[in-house]
Chemist: 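This is the structure I want to talk about, given as structure tokens.
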Amino acid sequence: MLSNKRIQELELVMEFEKVEECFKEVSSWIENVGRKRLKETVNLDDSLEMLLRAQKQFKEFDLVASEYCRRGQEALKKMNRWEDFSSVDVQSYRLKLQTYKDQLDEFCTQLDETRHRVCETVRLYEFFDKVRPGICCTEEGVKS
């Protein structure tokens, strides 16, 4: 039994090394591109026109970012079996895996929050653009 468990651990290590390239690529993209683009989206413009332009740019970025998130999550699914192993030899790989998982989870959450914020901000600006003419006319009627 001990021998079989050791063989399974070695197979898992070999599998990890194959999947690690995907993790490194996703991690590198998140750090070098993804986080920077999310930070750029923090300050949204004041006009509806500029906001719609920013939304379009974000949607293009979102497609790419979502693909990286999907690839990272698929790679993590391949490594789900790591939780069953607790030997010292596997521990360093589990730590690497947890680091990748934490980074991916944080980025995907930030992406979702930014997507929601951009969408809601656009909806709010569109609402105000529709309501503003009525408010101005009402104010002028009240002043007369």
Side-chain angles (χ1 to χ4, degrees), residues 5-144:
K5 187 169 181 162
R6 184 67 181 151
I7 289 171
Q8 287 176 337
E9 287 176 355
L10 289 172
E11 288 172 350
L12 216 51
V13 168
M14 291 181 351
E15 186 179 346
F16 179 83
E17 290 172 354
K18 290 178 189 173
V19 176
E20 188 174 26
E21 273 309 306
C22 178
F23 288 137
K24 285 181 179 179
E25 182 183 342
V26 170
S27 178
S28 175
W29 186 89
I30 287 172
E31 291 304 317
N32 297 321
V33 179
R35 290 195 195 284
K36 291 176 185 175
R37 290 290 303 272
L38 283 179
K39 285 180 184 177
E40 291 171 6
T41 313
V42 169
N43 298 321
L44 296 171
D45 293 312
D46 290 338
S47 73
L48 179 58
E49 180 183 330
M50 295 297 286
L51 188 57
L52 289 171
R53 193 174 304 139
Q55 182 186 35
K56 182 181 180 208
Q57 290 172 348
F58 177 78
K59 283 183 178 181
E60 292 168 2
F61 163 73
D62 188 28
L63 287 173
V64 175
S66 294
E67 177 62 21
Y68 275 97
C69 287
R70 185 192 60 74
R71 287 175 50 199
Q73 289 164 347
E74 284 180 3
L76 285 172
K77 283 180 187 174
K78 291 178 183 177
M79 298 283 97
N80 279 345
R81 296 183 343 194
W82 281 95
E83 296 168 5
D84 299 337
F85 296 95
S86 59
S87 76
V88 175
D89 296 334
V90 176
Q91 190 62 27
S92 65
Y93 293 100
R94 289 179 70 189
L95 290 174
K96 281 184 183 181
L97 191 61
Q98 188 61 47
T99 301
Y100 288 129
K101 182 183 182 326
D102 292 345
Q103 180 193 38
L104 183 65
D105 288 347
E106 178 190 353
F107 178 77
C108 292
T109 299
Q110 289 175 347
L111 182 65
D112 289 341
E113 289 170 355
T114 303
R115 183 185 307 116
H116 179 74
R117 187 173 48 82
V118 168
C119 182
E120 289 301 309
T121 304
V122 167
R123 286 181 49 198
L124 184 63
Y125 271 72
E126 288 172 338
F127 172 75
F128 283 134
D129 262 16
K130 288 177 186 174
V131 175
R132 187 175 303 139
I135 292 173
C136 293
C137 293
T138 305
E139 287 176 356
E140 287 175 16
V142 170
K143 289 179 185 176
S144 301

Chemist: Taking all non-hydrogen atoms of both residues into account, name the closest pair between G34 and F61 and its distance.
Modeler: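 Shortest heavy-atom contact: O-CZ, 3.7 Å.
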Chemist: Applying side-chain contact (heavy atoms from CB on, under 4.5 Å) to E120 and H116, what does each step give before you reach the verdict?
Modeler: CA-CA 6 Å; E120 289 301 309; H116 179 74; 3.6 Å; yes
Chemist: Please identify each residue that fulfils side chain to side chain contact (heavy atoms under 4.5 Å, CB included) with S66, with sequence neighbours left out.
Modeler: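 Checked S66 against side chain to side chain contact (heavy atoms under 4.5 Å, CB included); matches are D62, L111, R115.
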Chemist: For the residue pair L76 and L97, establish whether any side-chain heavy-atom pair is separated by less than 4.5 Å.
Modeler: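 Counting from C-beta outward, L76 and L97 do come under 4.5 Å.
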Chemist: Can you tell me how far the CD atom of E106 sits from the CD atom of Q110, to the nearest 0.5 Å?
Modeler: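 So the gap between those two atoms works out to 4.5 Å.
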Chemist: Any Lys/Arg nitrogen of E49 or R53 sitting under 4.0 Å from an Asp/Glu carboxylate oxygen of the other?
Modeler: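 Salt bridge between E49 and R53, a charged N being under 4.0 Å from a carboxylate O: yes.
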Chemist: Could you pull out the closest heavy-atom pair between Y125 and L48, with the gap in Å?
Modeler: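 Answer, listing the atom of Y125 first, then L48: CB-CD1, 3.7 Å.
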Chemist: How far apart are the closest heavy atoms of V19 and A75, and which atoms are they?
Modeler: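 Smallest heavy-atom distance, with atoms named: CG1-CB, 3.5 Å.
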Chemist: Could you tell me if the side chain of Y93 sits less than 4.5 Å from the side chain of E20, heavy atoms only?
Modeler: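 When only atoms from C-beta onward are counted, Y93 and E20 do not touch, as no gap falls below 4.5 Å.
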Chemist: side-chain contact (heavy atoms from CB on, under 4.5 Å) for S47 and L51? Distances and angles first, verdict last.
Modeler: CA-CA 6 Å; S47 73; L51 188 57; over 6 Å; no
Chemist: What is the distance from atom CZ of R37 to atom OG1 of T41, rounded to the nearest 0.5 Å?
Modeler: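 Nearest 0.5 Å value for the CZ-OG1 distance: 6.5 Å.
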Chemist: Grab the two heavy atoms, one from R35 and one from F107, that are nearest each other, plus how far apart they are.
Modeler: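 Of all heavy-atom pairs spanning R35 and F107, the closest is N-CE1, 3.9 Å.
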Chemist: Any chance you could measure S27, atom OG, to Y68, atom OH, to the nearest 0.5 Å?
Modeler: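 Result: 11.5 Å between the selected atoms.
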Chemist: Once rounded to the nearest 0.5 Å, what's the spacing between atom CD of Q73 and atom SG of C108?
Modeler: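 Separation between the atoms: 4.5 Å.
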Chemist: Would a 4.5 Å heavy-atom cut-off, applied to side chains only, mark Q103 and E31 as touching?
Modeler: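 Yes. Closest side-chain heavy atoms under 4.5 Å.
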Chemist: Would you check, one step at a time, whether the test salt bridge (charged side-chain N to carboxylate O under 4.0 Å, His left out) holds for E113 with R117?
Modeler: CA-CA 6 Å; E113 289 170 355; R117 187 173 48 82; over 6 Å; no
Chemist: Tell me, with the steps shown, if L38 and F58 meet side-chain contact (heavy atoms from CB on, under 4.5 Å).
Modeler: CA-CA 9 Å; L38 283 179; F58 177 78; 4.2 Å; yes
Chemist: Carefully, step by step, assess E40 and Q57 under the rule side-chain contact (heavy atoms from CB on, under 4.5 Å).
Modeler: CA-CA 11 Å; E40 291 171 6; Q57 290 172 348; over 6 Å; no
Chemist: Just wondering, do E126 and V122 contact through their side chains at under 4.5 Å, heavy atoms?
Modeler: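 Answer yes - side chains close enough.
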Chemist: Hey, are the side chains of K39 and K36 touching, using non-hydrogen atoms and a 4.5 Å cut-off?
Modeler: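 No - every pair of side-chain heavy atoms lies 4.5 Å or more apart.
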Chemist: Please identify each residue that fulfils side chain to side chain donor-acceptor pair (under 3.5 Å) with R70, with sequence neighbours left out.
Modeler: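 Once residues adjacent in sequence are excluded, the partners of R70 under the side chain to side chain donor-acceptor pair (under 3.5 Å) criterion are E67, E74.
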Chemist: For F23 and F16, take the angle between the two ring planes, folded into 0 to 90°, and tell me which bin it lands in: parallel under 30, tilted 30 to 60, perpendicular over 60.
Modeler: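 Ring orientation, 0 to 90° scale: tilted.
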